[in-house]
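Only one structure is covered here, and it is reproduced in the block below.
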Amino acid sequence: MGRVGVLRGQYNPHEVESEIMKFWDSGRIYEIIKELESKRTKYFRFIDGPPYPSSGLPHVGTSWNKVLKDSILRYRRLRGYRVKDQPGYDCHGLPIEVAVEKRIGTRSKKDIEEKVGVDKFIELCKATVLENVKSMTYWFKSLGVFMDWDNPYLTLRDEYIEAGWWLIKKADEEGLLVNEKRVVYWCPRCSTTLAEYEVEYKELSDPSIYVKFRVVNSENEYLLIWTTTPWTLPANTFVMAHPDATYVKVKVGNEVLILAKDRLEAVMSEAGMSEYEVLSEFKGKELEGMKYEHPLREVVPVQEVLSKYHEVVLAPEFVTMTEGTGLVHAAPGHGFEDFIVAQRIEIGDIISPIDDEGRFTKEAGKYAGKYVKDANPDIIEDLRQAGALLHEGIIKHRYPICWRCKSPVVLRTREQWVLKITRMKKKLIEEVRKARWVPEWALNRIMNMLENLQDWVLSRQRYWGTPLPIWVCPNGHRLVIGSVDELLKYGGKKPKELHRPWIDEVVLKCPVCGKEMKRIPDVIDVWFDSGIAFYASEAHPGKIKNPEDVVADFITEGHDQTRGWFFSLLRAGVLGFGRVPYRTVLVHGFALDESGREMHKSLGNYIGTDEVLAKVGSDVFRFAVLQNTVWEDLRFSWKLLEEAKRDLSVAWNVFVFASTYMNLDGYDPTKHGIDQYLNHLRIEDRWLLSRLNTLIDEVTEAMEEYKVHDAVRALKRFIVEDVSHWYVRLIRPRVWVEENTPDKMAAYATLYHALKSWLIMAAPIIPFFTEKIYQEFIRPATPDAPPSIHMLEWPAPREELTDKELEQEMNAIREIAEVAAAARMKAKLKLRQPVKRVIIYTSNDNIVGIVRKHEELLRNLLNTREVLIKEPSEVKEVIQYKVEPKYSILGPKYRKLTKQIVDYVLKNQAEVAKDIITKGKHETKIGNTTIMLTPEELNIIPVQATGYAVQEASWGSLAIDTQLTEEEIADGLARDIIRRIQTMRKELNLPMNAYIEVTITPPEQHVKYIEKKLDYIANEVRAKEIRLTKQHPASIPREKILTKKWEINGEIYTITITEIHGT
RNA sequence: GGGCCCGUAGCUCAGCCAGGUGGAGCGCCCGGCUGAUAACCGGGAGGUCGCGGGUUCAAAUCCCGCCGGGCCCA
């Protein structure tokens, strides 16, 4: 059909990428691929874990995430799947609100509601998100990611919100949605609840007090607790102990204190008590249920209610031995852990007797009206009066403060809407196991989380989020709405959009009492949004027929998402459809800086995607990061990228080489495929074709197993080591032959086939690079082929061309060549210098066979007249041997004696070697056992021989005969001269097929060598005329003539060449 | 404090699941090549395989305990 095209120039990623980007756009390549896909029957349902668009520029970790996804989706397309490739963005949530607040300078919810207006605020949030989504999309496209960028799922859309409501309603129908008290961070100054990310930590000073709680029914026994928040004591409900820790009863004065043994010394020393006596020791679990009296019960009315709970509770997960007394004061209204334990033991009264400004309420009796921190001194004094204070001190510690106003935060309870997912625990565990986790340990991680499952606090007292679809009437009836239609059904109307504040204006009629219903003001935790992506990205669930249709075949995110997205998907999947909503989960690592720390703008080690693309481009980035073991953390550095670029340059140069020669010779792959040249394939061709088959198998398997890094590494090894370093080197002389011999065409056919297959397999990894080469090299010869490489079919291995044995043999040949190079190095013999013989000393039958079989190839590679194989014993030149014990044979045979035998052998190498060579055995005594060592148990390796350069190898050693005859010297010299003339041709910039005339003036004593080789030299350098002169003629200045003095082996040669025109 | 992952050459990492006496790339040093050429190729130096125990004839590899880093949780 035509000849292959030529790929020109150096690899320039920026040029390639901007050109290909334009080509994809103008050629509507992505759209055409989607059209082709629409006819396919195999479906690969991928769900994109939506990035959070709080900025318009993706972190390199996010970019890694996206190109990893892209490589897998592209692979699936090449494998003939129809791929769901809709990207998503997680649009709601506090970080967006914070970004907007920073921009407009608001300081509180009050500001938002009164100064700005919620409607305006929401519009700003939305505008910010959409702007960032646009920008991020630009960067993702620049990375070469083929996703449906015109149709992303956005969690802010009304349809998406509606889909979320459906699930809330479903949860309510199953009785899982409840309103109950939860512990929250609360800023007393801003009068608002704070999310975790709104809390900062700061070193603060606080009281540190030890308090005695008298044990009921005892005269003088006390539980000793420690606290830095005396103001939480009025709400004390119980005391926690560790069941397995050792506790002691200690006599101090006439009182007996109970505390952990490990804390005894520290506490006594801090309290300044040296006189004490340990009365007994016992395990914490013996304390379980021990009742105590609260020292402030007289002045704090709410203690009336709480006194029934006053006892010791076992809570191993929350009691530490690093501070305090090992007995922990618990106020479930003021602490997360306390609250969890309170729930576990089903305490009905969760008390936090403080108001929105952080002042005690009248439940706290005496302290009512006081700001809690100001009440600390009063409380401490009252404890002292009650004789309950053991010691008072000051502690400096990290304490949470409000990120906005910097005032210390308190923990208090507040009513929240909660999903009682702990009731689904068994089902969640059962379902999560059904997914395939890559790597397998990811399952352990999520299982660990499920074991410690907590209920899900859904409600947030914020604005920019999915509104919680709960309406209540003054009579306390509650209605959960599952769709816009239901709004209408209950007498409401469809608002401008489903966000606050518009949804808040929708008033419904209570189906029970007919009164007006208003929506509760909360929005839903942003994790809820992304968790429903598996169905909400597609359709309102009412339209979903079969739950299987919304199950994702594949998802992948970083390992931090175990708790995050993987988990929220699981909850939503089980809740809505009774099953885990994904089949395979690939967990990937974190992008860290080069010293393994997190990349942060504040640490100054942050590298942005924009910078990466500007410096090295997309393919280099992709090729670098996709080599990293997927699930391990990535140490990102410029060095990493440079290395990737170097590898891609080598690959590029291979294509430059191949395309240049093939094009020059008019190579047409449609006429000259490997099938036409099967009978002309040389050993290296067969080898490369077999290696290719192996590569196809490896890459395919790796991609199927989601080990993208294994695929990339295999692709790299093949193109760099097998093709560039080895195959191209071997076929060079064949390519330089002038006529299109079958031998040359066989090499072309082989190379073309290997390169094209490689290109397709590399396309998911480096889409621009491969597309460019496809366009320049492949397509000109095959104009009927698809317009883009990304539309081709994944290569199939041609099993009949696989020859694993040959691959092994070639490995051995490569090792022999390397060992020979090392031996030449020792003797300072350059490869150009032919040698008489190379001896291979080995008793390894495998090597012997290979050397015999591939002797011709080896002679060429080693540049030697002959290759001999000898048993070490056969050569008298050898003057020194090394003996290597074969552990895998000696070990099982001699067991415990092995070590001594090995020691003996290594100490007596010369003797042992001599015996083995001459007698075929060596006898010795180890202890009183007689040991007979045989050649099978030892490797005898010649390491020195007279007249030879010897180099060790894994199978023995190799020796090069260093004595050169005249013939060999002449050959070597001829090749030296050829090389110089070739350089001069190039310097004159002569066309490759130009003829020349050569004049050489060698040192007199070498004339006789060169004379013999004139024909050979002339032939190699395309010289019509070649002559030797004693006196070099002055060079006549004219076009295309060049005279140079060269130093070869320390002597001067003068050479002149000039181009001859005509025949 | 708990769960999971990682720790191998100066740097980045393979090898570990299935034990047999440590590899690659980069960097460094030395050399080669010169019709892929602002490329390319070869050789060399460089390692108590985080530490300590255990199992075994034999441990980077299996087991236990520490130490350091990461993620998540508390």
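Protein chains get the first letters and strands the later ones, always in sequence-line order, with residue 1 at the start of each.
Shown here, B:C40 forms a base pair with B:G32; the pair counts as Watson-Crick or G-U wobble because both key distances fall under 3.5 Å. The partner of B:G22 is absent, by the rule that a Watson-Crick or G-U pair needs both atom distances under 3.5 Å.
By the 6.0 Å contact criterion, CD on A:Glu705 is enclosed, its count of non-hydrogen atoms from other residues, nucleotides or ligands being greater than 12.
Taking only side-chain nitrogens and oxygens, A:Arg732 comes nearer than 4.0 Å to OP1 or OP2 of B:A36. Listed pair A:Tyr887 / B:C57 fails the phosphate criterion, with no side-chain N or O lying under 4.0 Å from OP1 or OP2. Listed pair A:Arg445 / B:G3 fails the phosphate criterion, with no side-chain N or O lying under 4.0 Å from OP1 or OP2. Of the side-chain N and O atoms in A:Ser649, none sit less than 4.0 angstrom from OP1 or OP2 of B:A39. Checking the phosphate oxygens (OP1, OP2) of B:C13, a side-chain nitrogen or oxygen of A:Arg635 falls inside 4.0 Å.
Residues A:Ser888 and A:Val723 each lie close to RNA chain B; by heavy-atom proximity, the contact nearer the 5' end of the strand is made by A:Ser888. Each of A:Asp647 and A:Asp560 was assigned the nucleotide of RNA chain B with the nearest heavy atom; the assignment lying further toward the 5' end belongs to A:Asp647.
Between the C1' atom of B:C71 and the NE2 atom of A:His559 lies a distance of 5 Å, rounded to the nearest Å. Here B:G42 presents its P atom at 12 Å from CG of A:Leu730, a figure rounded to the nearest Å. Counting to the nearest Å, the C1' atom of B:G2 and the CD atom of A:Gln454 are 14 Å from each other. Here the C1' atom of nucleotide B:C40 and the CG atom of A:Leu831 are 14 Å apart, to the nearest Å. Distance, A:Lys886 NZ to B:G19 C1': 20 Å, rounded to whole Å.
Taking the side chain of A:Asn444 as heavy atoms from C-beta on, and the options B:C71, B:C4, B:G42, the nearest nucleotide is B:C4. Side-chain proximity of A:Thr898 to B:C26, B:U37, B:C57: nearest is B:C57. Of the candidates B:A36, B:G20, B:G42, B:G42 carries the atom nearest the A:Glu818 side chain, counting heavy atoms from C-beta on. Side-chain atoms of A:Trp441 lie closest to B:C5 of the nucleotides B:A74, B:U37, B:C5. Considering only the side chain of A:Glu632, B:A14 comes nearest among B:C26, B:A36, B:A14.
Between A:Phe769 and A:Trp652, the angle of the ring planes goes over 60°, which puts this pair in the perpendicular group of the 30/60° scheme.
The minimum heavy-atom distance between A:Tyr11 and A:Ser649, with the atom names listed, is CD2-OG, 4.0 Å.
In the model, A:Arg713 has a side-chain atom that pairs as donor or acceptor with a side-chain atom of A:Thr629 under 3.5 Å. If you check the side chains of A:His588 and A:Asn628, you find no donor sitting under 3.5 Å from an acceptor.
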